[in-house]
2 protein chains.
Amino acid sequence: MGVSERDGRGAREERREAMCPHRLVLEHVTSRWGVLVLDALLDRPYRFSELRREVGKVGTVSEKMLAQTLRTLERDGFVHRDAKPVIPPRVDYSITELGREAAEQVRALARWTGARMADVQRARAAYDAARETSTAV
Amino acid sequence: MGVSERDGRGAREERREAMCPHRLVLEHVTSRWGVLVLDALLDRPYRFSELRREVGKVGTVSEKMLAQTLRTLERDGFVHRDAKPVIPPRVDYSITELGREAAEQVRALARWTGARMADVQRARAAYDAARETSTAV
DNA sequence: CTGTATCCTACGCGATACTG
DNA sequence: CAGTATCGCGTAGGATACAG
């Protein structure tokens, strides 16, 4: 196998890493599953499968994506991974101080989004209505 | 071709729209170009090409993606589009009140990311170092 | 249980060409 | 200038199988 897929991070991402590093970090914490993982871990530590179920309430996460998301967040220093050498394996994920700061902002944004949902939907309705009348089907 | 590409929104997105609507809005404002567009418009209105250049400082944005991003944000009520019926065409984009609220939070998060970049890079170095020693190349 | 390796498809997104 | 239409590549990401 090539070097490109040596870990979870895409090849594209690495190329972009050079020009604007913090943009990538932003994308990590606001990524599809990153948001949900951080939000969950803000409340308490989770085990892998537990997290999978919790996050999965919003839409199925494959093991692959969850693992990838966790690895990225761990590498960035947002999540702490505690693998206990027992059988059966048990791994606990928790949030770090750095991660907490990020997670709180992400959660705030998520909350705001929820709070303003009505406005957004009104705007969408208006937008769609305007297009429907002008664009004769 | 099918109905799927009838507008800029992806097909995948529409399927997901049913289950957790505000997650999608969150993804719109934190999307690759959404962040940059909102950030730019927070300072002042922009014309299309102007915006393309401004946003393009971070990485080339195709006309297609910029148009799509703008349409999405407009539909959600974050951006106002003012098309003047003149030749040559002139379209000004500006942020709405709703958009301003979102943009400010996004900008705060982006700033935080920039501020904490050193910590992140230290964490990454530690992570990579740990892996290198355990994984004999 | 906690992952990793592999395969495969959908689709994000950039490039190009064309329209008003 | 401000888009839309079309094409093509590469990747995100789900499903599955397997390993420790």
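Just the heavy atoms: all of them, side chains too, but no hydrogens, waters or symmetry mates, feed the values below. Proteins come first, then strands; the chains are lettered A, B, ... in the order of their sequence lines, and each starts at number 1.
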Going by side-chain hydrogen bond (donor to acceptor under 3.5 Å, both in side chains), name the residues that satisfy it together with Y46(B), two or more places apart in sequence or in a different chain.
none
Name all residues meeting the side-chain hydrogen bond (donor to acceptor under 3.5 Å, both in side chains) criterion together with R23(A); count only those two or more places apart in sequence or in a different chain, and write none if there are none.
E27(A)
Minimum heavy-atom separation for G77(B) to T96(B), with atom names?
O-OG1, 2.7 Å
Partners meeting side-chain hydrogen bond (donor to acceptor under 3.5 Å, both in side chains) with R124(A) (sequence neighbours left out):
E17(B), D76(B)
Applying salt bridge (Lys or Arg N to Asp or Glu O under 4.0 Å), name anything that partners E50(B), two or more places apart in sequence or on another chain.
R44(B)
Can you name the side-chain hydrogen bond (donor to acceptor under 3.5 Å, both in side chains) partners of W112(A), sequence neighbours left out?
E101(B)
Could you encode protein contacts along nucleotides 14-20 of chain D as a string, one character per nucleotide from 5' to 3', using B for base contact, S for sugar-phosphate-only contact and - for no contact, with a heavy-atom cut-off of under 4.0 Å?
BB-B--B
Return the value, rounded to whole Å, for the distance between atom CG of L66(A) and atom P of dT2(C).
10 Å
Roughly how far apart are S49(A) OG and L66(A) CG, rounded to 0.5 Å?
8.5 Å
Please determine whether a side-chain nitrogen or oxygen atom of Y93(B) lies at a distance below 4.0 Å from atom OP1 or OP2 of dC1(D).
no
Sorted by chain and number, sequence neighbours left out, salt bridge (Lys or Arg N to Asp or Glu O under 4.0 Å) with D43(A) holds for R107(A)
Calculate the interatomic distance between R71(B) atom CZ and dG3(D) atom C1'; express it in whole Å.
9 Å
Length of the CD-C1' vector between Q68(B) and dA5(D), whole Å:
13 Å
Starting from P on dA2(D), measure out to CD1 on I87(B) and report it in whole angstrom.
12 Å
Could you give the CD-to-P distance, from E27(B) to dA12(D), as a whole number of Å?
15 Å
For the helix from dC1(C)-dG20(D) to dG20(C)-dC1(D), what is the angle between the axes at its two ends, each from 5 pairs, rounded to 10°?
40°
Sequence-distant partners of R90(A), salt bridge (Lys or Arg N to Asp or Glu O under 4.0 Å), two or more places apart:
D92(A)
What are the residues of residues 36-59 of chain B, sorted by number, that bring a heavy atom to within less than 4.0 Å of DNA chain D?
R47(B), F48(B), S49(B)
Test R81(A) against Y93(A) for side-chain hydrogen bond (donor to acceptor under 3.5 Å, both in side chains), laying out the working first.
CA-CA 5 Å; R81(A) 179 174 184 274; Y93(A) 290 93; 3.3 Å; yes
Expected list for residues 77-86 of chain B near DNA chain C, using heavy atoms below 4.0 Å, is none
Output the distance between atom CG (L38(A)) and atom OG1 (T30(A)), rounded to the nearest 0.5 Å.
10.0 Å
Taking side-chain hydrogen bond (donor to acceptor under 3.5 Å, both in side chains) as the cut-off, I'd like each qualifying pair that reaches into residues 56-66 of chain A, sequence neighbours left out, listed once.
E54(A)-K57(A)
Salt-bridged, R131(B) to D128(B), with N to O below 4.0 Å?
no
